[in-house]
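Accompanying notes for the structure given below.
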Protein chains: 2
Amino acid sequence: MPQSRPRIIPEATVARLAVYLRVLAGLADGGRSHVSSGELASAAGVNPAGLRKDLSYLGPCGVRGVGYSVAGLRDRLTDALGGERSRPCVLIGIGRLGSALADYAGFASRGFEFVGLLDTDPAAVGRRVGGLPVRPVAELEAVVAETQATIGVITTPAEVAQSVCDRLVSVGVRSILNFAPVALTVPAGVDVRKVDLSVELQVLAFLDQQRHGTPPLVAPLRAAQGSAR
Amino acid sequence: MPQSRPRIIPEATVARLAVYLRVLAGLADGGRSHVSSGELASAAGVNPAGLRKDLSYLGPCGVRGVGYSVAGLRDRLTDALGGERSRPCVLIGIGRLGSALADYAGFASRGFEFVGLLDTDPAAVGRRVGGLPVRPVAELEAVVAETQATIGVITTPAEVAQSVCDRLVSVGVRSILNFAPVALTVPAGVDVRKVDLSVELQVLAFLDQQRHGTPPLVAPLRAAQGSAR
DNA sequence: ACGACTTTGTTCAGGCGTTCACAAGCGGTT
DNA sequence: AACCGCTTGTGAACGCCTGAACAAAGTCGT
Ligand SMILES: NC(=O)c1ccc[n+]([C@@H]2O[C@H](COP(=O)([O-])OP(=O)(O)OC[C@H]3O[C@@H](n4cnc5c(N)ncnc54)[C@H](O)[C@@H]3O)[C@@H](O)[C@H]2O)c1
Ligand SMILES: NC(=O)c1ccc[n+]([C@@H]2O[C@H](COP(=O)([O-])OP(=O)(O)OC[C@H]3O[C@@H](n4cnc5c(N)ncnc54)[C@H](O)[C@@H]3O)[C@@H](O)[C@H]2O)c1
């Protein structure tokens with residue numbers, strides 16, 4: 001019996017698996033048939049041992065002495081991360097950021113497809129972005145119902161993000177990606193991931209200050225790696 | 001002796017401090033004079049005890065039995081995160097995403113100011129975005145030198161991100177925020193933070209599948225919190 | 001057919017981060 | 001002036017993740 005491993009996969013590992021998958025897709029396009037953990041790790045910017053540990057959650061998927069089959073590992077990762085099926089997403093708030101996301105081709109290639117664009121601004125409604133018409137936000141519930149969207153992406157102003165989130169949850173959306181700078185409150189069983197660009201910049205500024213601004217204050221800074229973490 | 005605490009601050013804590021700071025700024029605008037850790041934690045979407053521990057890295061900054069002074073804590077956090085001084089940033093790749101970032105007012109209010117917009121496309125060069133003209137990417141080194149920019153934001157296609165990064169590093173930029181889906185390689189002493197939206201969506205899809213798609217495969221999912229993590 | 005080399009998969013230890021729980025301290029009240 | 005309730009600050013335990021070392025296994029060369 002194959003007896004698929006019931007091991008649970010840490011969330012940090014899942015995020016890295018997605019990165020490996022993208023690297024593998026590029027390698028496959030380049031015609032490569034095999035990769036070693038060292039090469040893959042270098043391309044993904046992680047430690048080789050850590051990469052092997054990550055992959056081990058899926059069970060053995062390489063050949064000792066040889067490495068990993070590029071196509072084989074790609075398919076295995078695709079499977080583990082949710083299969084090939086297209087994931088319908090709705091996007092609320094088609095402003096500057098929302099328009100950029102709706103236009104972006106990189107999501108579709110990974111199986112994420114925007115099937116509904118919603119906005120409240122009459123000037124925005126009706127405009128076509130990325131081949132899709134912007135619809136009034138009042139139709140949010142109808143759009144989710146008719147498209148069976150499972151992921152909601154919020155790019156509205158912060159003040160209305162919670163109410164938009166509540167409406168998404170109320171019609172069954174259980175996965176939400178939030179770009180507004182607020183902490184959303186959701187019932188158990190709903191996953192929210194937040195992207196906060198101001199925080200990223202602030203962390204960079206802090207690390208820079210720590211390195212140069214006030215050397216006496218914070219001495220034993222961890223030595224930085226040669227490659228991005 | 002005051003003897004400022006030489007304690008090092010974990011990076012995860014720094015990221016949360018930035019969130020607290022934003023919440024406090026909103027509270028100060030609302031006229032509040034004091035907050036408890038519980039209320040602040042709820043607004044930031046974290047555990048109250050964790051919040052107090054985070055703040056304790058800055059030394060005592062609250063009053064027992066009362067709470068934290070909104071203005072006082074805001075100033076203390078501002079200080080810890082790098083002071084009030086404006087941080088000049090350059091942005092490379094003024095496409096859809098880059099334009100949205102350049103236009104965004106939320107960065108300036110936190111002290112991050114774009115002082116240079118670079119692109120290679122002749123159609124983009126000369127256009128004004130967010131009050132700043134787009135300049136040819138050939139002038140990157142000159143722009144960094146004349147503006148003393150310390151942070152570089154990369155929103156170019158993935159293929160050229162590494163070369164853009166190398167040029168930034170060569171002229172002294174030691175903090176880089178990367179939106180391109182590649183792992184940048186940098187020398188020690190340079191910090192790179194990566195924002196990968198595809199990975200965020202992929203993680204959401206995985207968690208969703210784990211919850212419903214194949215229940216027999218991964219059973220003991222951690223109970224989700226009532227609020228965003 | 002055998003041996004040596006390469007690369008994986010796993011195990012172990014160490015460090016971080018998070019959480020809980022409690023003592024210390026301050027303001028308000030009697 | 002002393003007490004009481006409230007909130008902070010911190011100490012300790014727990015669990016997760018990361019990084020390194022080792023053993024298993026397969027392949028290539030002879
Ligand atoms: N643009 C950036 O670079 C950037 C960076 C970081 C964070 N953010 C955050 O992302 C969000 C969007 O930013 P933006 O720059 O695109 O702003 P924007 O003003 O350009 O776009 C917001 C859009 O949301 C729409 N909207 C307003 N209320 C709505 C509602 N109730 N329902 C549906 N749509 C509604 C508006 O009509 C507008 O089109 C904000 O919360 C912002 O803080 C943006
Ligand atoms: N748009 C999104 O929603 C989104 C989401 C996730 C990731 N990304 C990533 O962000 C990056 C930009 O995405 P986008 O949608 O804005 O793409 P885009 O094509 O709209 O913009 C890219 C810009 O970079 C410029 N450019 C190309 N080569 C350059 C060079 N050598 N130097 C300077 N500028 C150069 C182009 O002229 C263009 O203006 C890509 O790497 C993309 O994968 C974008």
Side-chain angles (χ1 to χ4, degrees), chain A residues 5 7-17 19-20 24 32-42 44-70 72-73 76-77 80 203 218 220-229, chain B residues 5 7-17 19-20 24 32-42 44-70 72-73 76-77 80 203 218 220-229:
Chain A
R5 315 286 182 92
R7 284 187 271 187
I8 81 164
I9 305 181
E11 200 164 309
T13 291
V14 173
R16 283 189 298 267
L17 291 181
V19 175
Y20 307 154
L24 283 167
R32 286 288 296 275
S33 69
H34 286 276
V35 237
S36 69
S37 64
E39 190 178 356
L40 199 54
S42 156
V46 302
N47 186 300
L51 180 139
R52 291 199 297 273
K53 189 171 191 59
D54 285 340
L55 294 181
S56 77
Y57 284 105
L58 311 178
C61 36
V63 181
R64 300 179 185 223
V66 175
Y68 300 92
S69 154
V70 170
L73 187 54
R76 176 91 76 123
L77 282 179
V203 171
V218 193
L221 176 56
R222 270 189 304 283
Q225 291 279 88
S227 62
R229 58 190 75 157
Chain B
R5 314 287 181 91
R7 282 187 271 187
I8 81 165
I9 306 182
E11 202 164 307
T13 292
V14 174
R16 284 188 297 266
L17 291 181
V19 175
Y20 307 153
L24 283 167
R32 286 287 297 275
S33 70
H34 287 276
V35 237
S36 69
S37 64
E39 190 177 358
L40 199 54
S42 155
V46 301
N47 185 299
L51 180 140
R52 291 199 296 273
K53 193 167 193 59
D54 285 341
L55 293 181
S56 77
Y57 284 104
L58 311 177
C61 35
V63 181
R64 299 177 187 226
V66 175
Y68 299 93
S69 153
V70 171
L73 187 54
R76 176 93 74 124
L77 283 178
V203 172
V218 192
L221 176 57
R222 269 190 304 282
Q225 291 279 87
S227 63
R229 58 187 79 155

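Since the model is a prediction, treat every value here as computed from it, not as a measurement. What you see below is based on every heavy atom in this structure, not just the backbone, and it leaves out hydrogens, waters and symmetry mates. Within every chain, numbering begins at 1; the chains are lettered A, B, ... in the order of the sequence lines, protein sequences first and strands thereafter.
Rounding to whole angstrom units, CG of residue B/Leu51 and P of D/dT8 are separated by 9 Å. Here the C1' atom of nucleotide C/dG17 and the CD1 atom of B/Ile8 are 12 Å apart, to the nearest Å. Rounded to an integer number of Å, the gap from NE2 of A/His34 to P of D/dG26 is 15 Å. Counting to the nearest Å, the C1' atom of C/dT8 and the CG atom of A/Leu58 are 14 Å from each other. Rounded to whole Å, the distance from CD on A/Glu11 to P on D/dC17 is 9 Å. Atom CG of B/Leu55 and atom P of D/dT7 are 16 Å apart (whole Å). Separating the CG atom of A/Asp54 from the C1' atom of D/dC16 is a distance of 13 Å, rounded to the nearest angstrom. A straight line from CD of B/Glu39 to C1' of D/dC6 spans 15 Å, rounded to a whole angstrom.
Not one side-chain nitrogen or oxygen of B/Ser37 sits closer than 4.0 Å to the OP1 or OP2 atom of D/dT7. Within the structure, every side-chain polar atom (N or O) of A/Arg16 is placed at least 4.0 Å from both OP1 and OP2 of D/dC17. OP1 or OP2 of D/dT10 has not a single side-chain nitrogen or oxygen of B/Tyr57 nearer than 4.0 Å.
Nearest to the side-chain atoms of A/Arg52 among the listed nucleotides C/dT19, D/dA21, C/dG17 stands D/dA21. Nearest to the side chain of A/Lys53, among D/dT8, D/dT18, C/dT8, sits D/dT18. When the nucleotides D/dT8, D/dC17, D/dG19 are ranked by their closest atom to the side chain of A/Asn47, D/dG19 comes out on top.
Of all heavy-atom pairs between B/Val19 and B/Ala44, the closest is CG1-CB, 4.0 Å. The shortest heavy-atom contact between B/Arg76 and B/Cys61 is NH2-CB, 3.6 Å.
Under the 3.5 Å distance criterion, the side-chain polar atoms of A/Ser36 are matched with a main-chain donor or acceptor of A/Glu39. The closest donor-acceptor contact from the side chain of B/Arg52 to the backbone of B/Ser37 lies at 3.5 Å or more, if one exists at all.
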* To do: Could you give me the CA-CA distance, side-chain angles and deciding distance for B/Val35 and B/Leu24, then say whether side-chain contact (heavy atoms from CB on, under 4.5 Å) is met?
  => CA-CA 9 Å; B/Val35 237; B/Leu24 283 167; 4.2 Å; yes

* To do: Report the C-alpha separation of B/Leu58 and B/Leu77 in whole Å, then their side-chain angles, then the decisive distance to 0.1 Å, and conclude whether the side-chain contact (heavy atoms from CB on, under 4.5 Å) test is met.
  => CA-CA 8 Å; B/Leu58 311 177; B/Leu77 283 178; 3.5 Å; yes

* Asked: Taking it one step at a time, do A/Leu55 and A/Leu73 satisfy side-chain contact (heavy atoms from CB on, under 4.5 Å)?
  -> CA-CA 9 Å; A/Leu55 294 181; A/Leu73 187 54; 4.0 Å; yes

Polar atom pairs (N or O), protein with nucleotides 23-29 of chain C, under 3.5 Å:
from	atom 1	to	atom 2	distance (Å)
C/dA24	N3	B/Arg64	NH1	2.8

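From one end of the helix from C/dA1-D/dT30 to C/dT30-D/dA1 to the other, with five pairs defining each end axis, the axis direction shifts by 10° (rounded to 10°).
Taking OG1 of A/Thr13 as the reference point, atom OH of A/Tyr57 lies at 5.0 Å (rounded to 0.5 Å).
Ionic pairing of A/Arg16 and A/Glu11 is not present here: no N-O contact between side-chain nitrogen and carboxylate oxygen is shorter than 4.0 angstrom.
The side-chain heavy atoms of A/Val46 and A/Tyr20, taken from C-beta on, include a pair separated by under 4.5 Å.
The residue A/Gly50 sits apart from the nucleic acid: no heavy atom pair falls under 4.0 Å.
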